[in-house]
Amino acid sequence: MRRLGQVVTICLGISFISFVLLHLTGDPVTVMLPLDAPEEEIALFRHKMGFDRPILVQYLTFLKNAARGDFGTSLFLERPATSLVLERFPASLLLVSCGFSVAMMIAIPLGIISALKNHTFIDNLCTSVAVMGQAMPLFWFALMMMIVFCIWLGWLPVSGYGTWKHLILPSVSMGVWMAPQTMRLTRSGMLDILSQDYVRTARAKGLSRRKVVVKHAFRNALIPVVTLVGMQFGFLVGAAVVTEMVFSWPGVASLLLNAIRTYDFPVVQASLVMLALFIISVNWAVDVIVTIIDPRIRDKRR
Amino acid sequence: MNSKRRISFQLYRTLHILWKLRMGTLGSLIVVFACCVAIFASFIAPHNPYEGEITKRLMPPFWIEGGTKDHILGTDQVGRDLLTRIIFGSRVSLVVGFASVLISVTIGVFLGLISGYYGSIVDWIISSIVNIMLTFPFVLLALAVIAVVGPSFQNMLVVLGLTSWPFYTRVVRAEVLKWKELDFVEAARAMGMKSNRILFSQIFPNILNSVLVLSSLQVARFIILEAFLSFLGLGVQPPTPSWGGMLGDARVYMLTSWWLATFPGLAIFVATFGISLMGDGIRDFFDPHLRYQFLSSNLERG
Amino acid sequence: MKRKRICLVTQLVIYGFVFLAASANPLWAKPQGKIFISTAYDLPTMDPHMHSVRPMFTVGWHMFDNLVYRDPVTRKIGPWLATDWEILDDLTWEFKLRKGVKFHNGYPFTAHDVKFNFERILNPDQKSPQRAKHISIKSVEVIDDYTVRFHTKNPYPVMLERLANFQMISEKYAKEKGDAHLALNPVGTGPYKFVHWKKGRELVVEANEDWWRGAPPIKTLVWRTIPETATQIAELLAGGVEFIESVPPDQIDLINKSGVARVMEVRVLPVAFIKLDGAPRGEPNPFTDKRVRQAVNYAANVDGYIEHIMRGRAIRIATWASPFAFGYDPTIEPYPYDPEKAKQLLAEAGYPDGFEVRHVNSHQRIPAQRQFIEALQVDLAKVGVRMKIQEYTDEGPLFTLIRTGKAGPMYQMSWGYSTTHDLDAIFYEHCTEQSFWAYWWSDETTDLILKARNSMDPEYRKTIYSKLQHIIKEEAPVLFMWQYVMTYGVGNKLDLVVGSDEIPRFFDARIKQ
């Protein structure tokens, strides 16, 4: 119940931010009407669309409709903004989850190895690679991969959407972008756990190192990783903007970018609110997962 | 008192710490170097960063045929010296990094302190806002704002600063909650100290470490974000040189004039690498586990 | 003598073959093959009347037909859906329509459709962005099924030019289905039938084998939205698409040497210039002084930008009159590059130390646009004019500024003439008081422009436009630059012609065997 209240507050906040922001800074009327429309026509149109009413009234109307999933029709295409966004959602979801998986596949093993080999050459190497990965702008890496794998080697298609081959480069670039941070989290989480009493006890009891790591340490080290990954999801969506643009991926982020540029308010609002909802549900799922992994938290919550 | 022995002990200890934190030391050296370059740009740079000759466009670095010693790293698409642009670009990148961090630290730490210390309704309001901001894909928000108000250096600073303070608030709030319960704070309260004073004179210094560590990571992130915004055409306005802007402009030249993307990319890379290492160093320095390992007890705060 | 005759015969034979091969529909060929075309912009709608963006016009040309057609080589206007026309008097045109033309859904194309199309676009409630282009048409009268008569408000010399880019939809279909349906399900008479459109992703069309001109040679066209230039080039080089728009001049060699694609250079109608707020429509600024505007023209090394930045892919022009437009006067010389003269003029105008000025720019996907602005910035700084650049990612905000008179004192513009090859399309818009595009005008120019606009006598119009070009050159309301040479990246297996109206004729293109 408390969770639901939080979700509602977050949605209200986000809708308010996106609403006020766009309405105060841009005038959609000038973009929507022919450039040489006479002044009376503009005034009439503004009235018809309700742009001349007080901003609060506009916001309330907007909220009332948004609650029913109606964000209005796209200003350029006679279609509901909601359906435009929903249509693009699967593509983004696919991209984000694949990028996420790639990140995990790189980050978790490396993080564990570097924690186990703390302050050795291998650890330093892994940490350095992670820092380097963080220092690399996403679009640069994406374009480099495009040049190597598509133009020079000709193994993969450059851009677009459809087959699994189209998916490889975008998800790898997003994964590589996200992996370093996750790796560092895994490493420090792992280090924390390894130094704790029960792990030492387990070792002292004569359990093999491997068994301790897999059975006790890893499971517990995952908790901060999973929690922070939930928080990182917002960033991943941000990274999706660049990835979708570079690889012409038909997802929500590119729709949003385009809508921002053309001042297509209903689409901007619909996609922002729906992305936020998506991120909230991921965070919620993360919480559930954490509770499953760690019974202590469940007890604390009660 | 054997002062000579004491000095040599001090020296030994310092060197020991530096060696233990060798990666962090390297990082700090890189950062200091970058700052020096930024400050003394006009003395170091061989040319004027704004003046180019269009007859000398796209000259390669000097070791490649067609390049000259006059332009060591070659020239850019308008005929300006690339090395000079990179040297001057350090100003924008570092200022964006540090100034945005300053803005977000100021807001974030202040709200975090209040939220953690006073609790109740204040805490609830601030935490809700933080939740909203953290859930929101803030890169998209930054993008939307800059796209409508028009890109400029100041706008970028403000937007980056205003959208990333919640991280500080969250961390600081957690720290305050931890410190609040500790004995010395209780003692101060018992002695009749006012809340404001307790907050700023007793608690604040103790959380500086975490803020410092977080900030160093944020500086690196902002430098990358500057590149990201420039890629989308929302960065610093031409002809002001910035690493991200140069890299963004060079993206169509990656197959023809590789040096245009490579050297600014390298600059971003080295700088963020240095800053991240420095951040790790700071963290290790303040980490109680590690500190215990190599610091003698007299350094402990009483 | 005999040898000559043999030559002649061979030549005739060769020409015959060439002619057969070049005609749209060799009798033995069925449409085949599939090509991918890249477009940088997201296509806004499939309704040909509810947009005014060029990529959508290109798409529109392949699903719909215009009444008349501009030959891409000679640039002359010839018949298309209209077979013949006659000017009855200064205010009346009569068009004969092609018989037996059918829309993709089988509905016949008649004079009633023509009438409907114009009434639709001219209806203020329709809010068509193309309305202004046809505002001179008063009414359309149906004489019989295949004859229409246009009544114009005033003499309308550019009628045919405007009709060459106005696509016909079916009255019956539009009335049955409504606007919302039309925006997603286009039905035209054109060479290709709509298959499907995934907004922001791809548009697929397939050859209309019953096209009145005969089926087009290529069976399937796919437009893919690829916003990023670097990605477009990579796609072209990797063979993923066969056509990309506006290759940056510095990348031409790369593509030509790649062995898989080439760059087609096409001299097109549009021109580039930089507007100076001389009226002033915004706040008072130095450009209200003619000498300052001239100084800017002397200070810019436009030939240098063309040679080094555009790599020769632009044609220097004296004014904003495109050499491809009716009324162009080739005798006028452009301003020479003369910084000394510029300094002197600035000093005379009272700015011996120059001044600072804002310049507004937008990423319009114009080749090397950012670079020549930066080069210009360097040149102007040399005479003391310090440009502060404000750059927007989209045309939208810039247009809003222009419209409200706040774009000055300096902003970048390229003018496509709305594919109208006539100087009326620039002078009326950019130099008369009633147009919001205009940031400088005088009573004299307004008067002359209206005179030329309201005359059907080509010779008279020519003399007026010549006079206007002389005035404009002297008054320098803008920094005059160049006529564009567009650089299209085309896959080597594709044979294609692009017209001066920037429309690639994919319906006449073929895939090399």
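Chain letters run A, B, ... following the sequence lines, proteins first, then strands; residues in each count from 1.
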What one should report as the nearest heavy-atom pair of C:Ala375 and B:Ile54 is CB-CG2, 3.7 Å

Residue C:Glu283 excluded, over 12 heavy atoms near CD under 6.0 Å: no

Of B:Thr240, B:Leu255, B:Val78, B:Asp76, the largest count of non-hydrogen pairs under 4.5 angstrom with chain C goes to B:Val78

Applying a strict 4.5 Å limit to non-hydrogen atoms, the region of C:Leu237 in contact with chain B is side chain

dist C:Thr231:OG1 -> B:Arg251:CZ (nearest 0.5 Å) comes out at 8.5 Å

Under 4.5 Å to a heavy atom of chain C? For B:Thr55 that would be both

Interatomic distance, CD1@C:Ile309 vs CD@B:Gln77, rounded to 0.5 Å, equals 9.5 Å

Residue pairs passing the salt bridge (charged side-chain N to carboxylate O under 4.0 Å, His left out) test with at least one member in residues 44-62 of chain B, sequence neighbours excluded, are B:Arg57-C:Asp250

Under 3.5 Å, is there a donor-acceptor pair between the C:Gln251 and B:Thr256 side chains? yes

Turns out that what part of C:Gln377 lies under 4.5 Å from chain B's heavy atoms comes down to side chain

Honestly, the part of C:Phe372 sitting under 4.5 Å from a heavy atom of chain B is neither

One should read off an interatomic distance between C:Leu254 CG and B:Tyr253 OH, to the nearest 0.5 angstrom, of 12.0 Å

